[in-house]
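Whatever order the structure lists ligands and atoms in, that order sets their numbers, starting from 1. Computed from a prediction, not measured in an experiment: that's the story for all the values here. Starting from 1, each residue takes its place in the sequence as its number. Computed over heavy atoms, backbone and side chain alike; hydrogens, waters and symmetry mates excluded.
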Amino acid sequence: MISHTWNNIGIQDIKGILCDLDDTLYAYEPCNKAGYAAVRQLACEKFAIPGEAFDEYWKQGRQVIHHDLASFGAGHSRLLYAQKVAEQYFGHTHPEFTLLAEEAYWSAFLDRMEWDADARSFLERAQQAGLDICIVTDLTAQIQHRKWLKLGLGAHVRYMVSSEEAGYEKPEPAIFKLALQKLGMKPEEVIMIGDSLRKDVQGAEVMGIRAYHIKREA
Ligand SMILES: [Mg+2]
C-alpha cells in the first residue's frame, strides 16, 4: 500500500467514489482543539468546574465511551463525554451542562473547519467527470450533516453514509455495503479514499474496493 496525493488519484475507469470525511477533506486536529477549548471555557466560566478537573473527567469519559461503544458511531459522541463529566463532577446527570457543552464543542469545531484545497479540487474534477460520490464516515449522523453543510459538500457529493446509520463503524463491511447500495454500484466500479489505513483502506480492500490512502501533511 502506498500513500497518494489527491492529484495522482486516477478516475478514468470508475463510476463512483467513496470518500472519508474527517481528516481527509479537512484537517481535524485544529477543529478538535478549538472545540475542546470552547467546551472547557464553558465548563469553567458558566459551571465553575476547575479546568484541571474538567480535563481529567473529559479524558476519562472519552475513554469509557470509546471503550463501551467501540464499534458504533456514538463512541465519538461529545454529548456522552459531557454527560460523563457532569456525572463525575456534579454527582448526577445534568442535561443543561451536557447539552450546552455539546453545542459549545461543535460550534467552535465547525467555525474552525475549512476545506483541504487539494481535496476540494479533486472532488470538483470527479464531479465534472460525471462520477457519483458518497461520503463514508464514522460518527453520529447529526453532526456529520452539519459538517456537510459547513463545507457545502452538496455541490460535489450525492450521498453520505454515517456509522450511526450503518450500525457499525469502518472497517466493518456494513458501512461500505450501504454506500455501494446507495450508489447502485459494484465494488469494482468505485474507489475509496481516506486517511486511515485500517478503517478506510483495509476496510475497503476487504470488500474488493480499490483504495487510496491520503496522508495528511502535519
Ligand atoms: Mg478520517
Next on the checklist: Is it the case that the side chain of H213 and the backbone of D195 share a donor-acceptor pair, with hydrogens and angles ignored and the cut-off at 3.5 Å?
Outcome noted: yes

Next on the checklist: Please check: side-chain N/O of Q83 versus main-chain N/O of T93, any donor-acceptor pairing under 3.5 Å?
Outcome noted: no

Item to check | Minimum-distance atom from the Mg ion (ligand 1) among N, O or S atoms of D195 | outcome: OD1

Checklist entry - Do any N/O/S atoms of D200 come under 2.8 Å of the Mg ion (ligand 1)? => result no

Checklist entry - Taking C-beta and beyond as the side chain, do H145 and M160 meet within less than 4.5 Å on heavy atoms? => result yes

Checklist entry - Is any N, O or S atom of D20 under 2.8 Å away from the Mg ion (ligand 1)? => result yes

Checklist outcome for this item: min-distance N/O/S atom, D22 vs the Mg ion (ligand 1), resolves to O

Checklist entry - Of the backbone and side-chain N, O or S atoms of D23, does one lie nearer to the Mg ion (ligand 1) than 2.8 Å? => result no

Next on the checklist: Testing the basics here: between A104 and V39, what is the closest heavy-atom pair and its distance to 0.1 Å?
Outcome noted: CB-CA, 4.3 Å

Checklist entry - Taking all atoms of both residues into account, what is the closest heavy-atom pair of D132 and R158, and its distance? => result OD2-NH1, 2.9 Å

